[in-house]
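Step one of this worksheet: look at the structure below.
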Amino acid sequence: MTLTSPHLGSSTGWTDARLLYALEEVVEKELNRHLKVTKDWMPHEYVPWSDARNFPGFFEDGEAWDPSQSKVTDIGKIALVVNLLTEDNLPSYHHEIASLFGRDGAWGTWVHRWTAEEGRHGIVMRDYLLASRAVDPDKLEQFRMAHMSEGFESDNRHSMLHSVAYVAFQELATRISHRNTGHQSGDPVCDRMLARIATDENLHMVFYRNLLGAAFEIAPDLTMQAVRDVVVNFRMPGHGMPGFERAAAQMAIGEIYNMRIHHDDVLQPVLRFLKVLQIEGLGPEGLKAQEELGLYMSGLDSEASKFDERLAARKARMAARAAG
């Protein structure tokens, strides 16, 4: 590092500015690695334009939207709207990370590159939904306006470390949500599109996960506290959109995103890769955070098991009704 680090076991001496400076070389390294492995892709190539037709309004031949026009499953429609509305808030996300990470040097280059890559996701998803008539276009626009008009404020905007920890998990959560939505959509075209988006999200997760690993090396106590706070209080970025709670419940039942998936496929992989619960040499604050994190994960696993049982019972009841 180009910055002399404070005592590694201490929480004192580290400010956001010092951490940003200390991690600059890691950001540059991860940015270069990212640019070597990522592949540019064209959103328009993933959209079934031949299925598209005019909507009513300015076009005399416009055809009104009807639910029967879409081959996407009901749970696929719900998840697609949630995922797209989440992507729509990109301007607010950009503002958040640009304010925290800055616009200069490697940090700034990453912020703008990340934003450009994320921009493709909203473009291709909206084009797909409109061309395939998967959802009501009027309601989709009304939801977009309502959601974006509220803006977005991150729960972690007070701290650069908290923000890095959050996006390390959130990018993976988004990847999982997109992939499972594709699998449950009933449309191979949708599945292929979301697989492409999920590839981007995974690369973004790797960037932030590796950055979080570097933060553990230079400020382990503070980083452990940040991870503990983020994991315990984790919320998806779309939590403020209209009808999110109901949609999230339906997505949980539909096995697109639920407690079991959150525990097994999002939290555990990052914690396991970084060996967070095995880190030694922590100070009192870091050790306390590590212990609390371990207890939370055990409790979440237990709650997920209860959810699994309820979901299995629900499936059994539905199967029995269908058979009867």
Side-chain angles (χ1 to χ4, degrees), residues 67 70-87 125 129 134-135 139 143 147 155 166 168-188 190-195 197-198 201-202 205 228 230-273 276-277 292-324:
S70 173
K71 63 186 74 172
V72 175
T73 61
D74 289 342
I75 188 60
K77 293 175 183 177
I78 292 167
L80 279 163
V81 170
V82 169
N83 291 352
L84 175 56
L85 292 180
T86 300
E87 300 286 357
M125 290 179 68
L129 290 176
V135 299
K139 287 186 177 180
F143 285 152
H147 187 39
D155 296 333
Y166 176 74
F169 294 106
Q170 183 268 322
E171 292 282 3
L172 183 52
T174 305
R175 170 188 178 267
I176 296 298
S177 181
H178 282 311
R179 283 305 289 125
N180 289 344
T181 299
H183 293 329
Q184 302 278 8
S185 69
D187 181 9
C190 180
D191 192 23
R192 184 166 59 247
M193 171 193 68
L194 291 176
I197 293 174
E201 303 290 10
N202 195 63
M205 178 277 293
R228 184 256 334 261
V230 163
V231 168
V232 170
N233 300 298
F234 186 88
R235 296 196 295 175
M236 291 293 274
H239 60 80
M241 68 179 60
F244 178 78
E245 289 77 12
R246 175 176 169 78
Q250 292 170 310
M251 290 168 68
I253 294 171
E255 297 182 90
I256 288 177
Y257 201 95
N258 55 40
M259 276 193 289
R260 174 52 63 199
I261 293 169
H262 183 60
H263 177 277
D264 290 1
D265 300 338
V266 176
L267 299 181
Q268 282 283 32
V270 175
L271 295 175
R272 188 166 49 242
F273 182 88
V276 173
L277 296 178
E292 290 174 348
L293 178 62
L295 289 172
Y296 176 82
M297 290 299 294
S298 296
L300 181 62
D301 187 35
S302 297
E303 289 298 313
S305 294
K306 294 176 184 177
F307 174 84
D308 292 341
E309 293 171 2
R310 294 194 298 270
L311 185 59
R314 184 178 187 276
K315 288 181 177 179
R317 290 193 301 271
M318 292 178 66
R321 282 199 297 266

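Count residues from 1 along the sequence.
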Legend entry - Results of ring pair (Phe, Tyr, Trp, His ring centres under 6.0 Å) for F169 - residues two or more places apart only: none

Inset, instruction - Taking ring pair (Phe, Tyr, Trp, His ring centres under 6.0 Å) as the test, write out the residues that go with F143, two or more places apart. - result: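 F143: no ring pair (Phe, Tyr, Trp, His ring centres under 6.0 Å) contacts found.
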
Would you say that [X] contacts [Y] through its side chain, given a criterion of any heavy-atom pair below 4.5 Å between the two side chains?
| X | Y | answer |
| --- | --- | --- |
| S185 | L194 | no |
| V135 | L84 | no |
| T86 | T174 | no |
| F244 | L85 | no |
| M297 | V231 | yes |

Inset, instruction - Would you please name every residue forming a salt bridge (Lys or Arg N to Asp or Glu O under 4.0 Å) with D308, sequence neighbours left out? - result: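 For D308 the salt bridge (Lys or Arg N to Asp or Glu O under 4.0 Å) partners, ignoring immediate neighbours, are R260.
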
Inset, instruction - Enter the distance from H262:NE2 to E303:CD here, rounded to the nearest 0.5 Å. - result: 13.0 Å

Legend entry - Pairwise side chain to side chain donor-acceptor pair (under 3.5 Å) hits with a residue in residues 309-324, at least two apart: E255-K315

Inset, instruction - Tell me, please, which residues at least two apart from S70 pass side chain to side chain contact (heavy atoms under 4.5 Å, CB included). - result: V72, K77, A134

Inset, instruction - Output yes when a side-chain donor or acceptor of Q184 lies under 3.5 Å from a complementary backbone atom of G254, and no otherwise. - result: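 Yes, Q184 side chain to G254 backbone: donor-acceptor pair under 3.5 Å.
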
Legend entry - Pair listing, salt bridge (Lys or Arg N to Asp or Glu O under 4.0 Å) test, anchored in residues 170-180, at least two apart: R179-D191

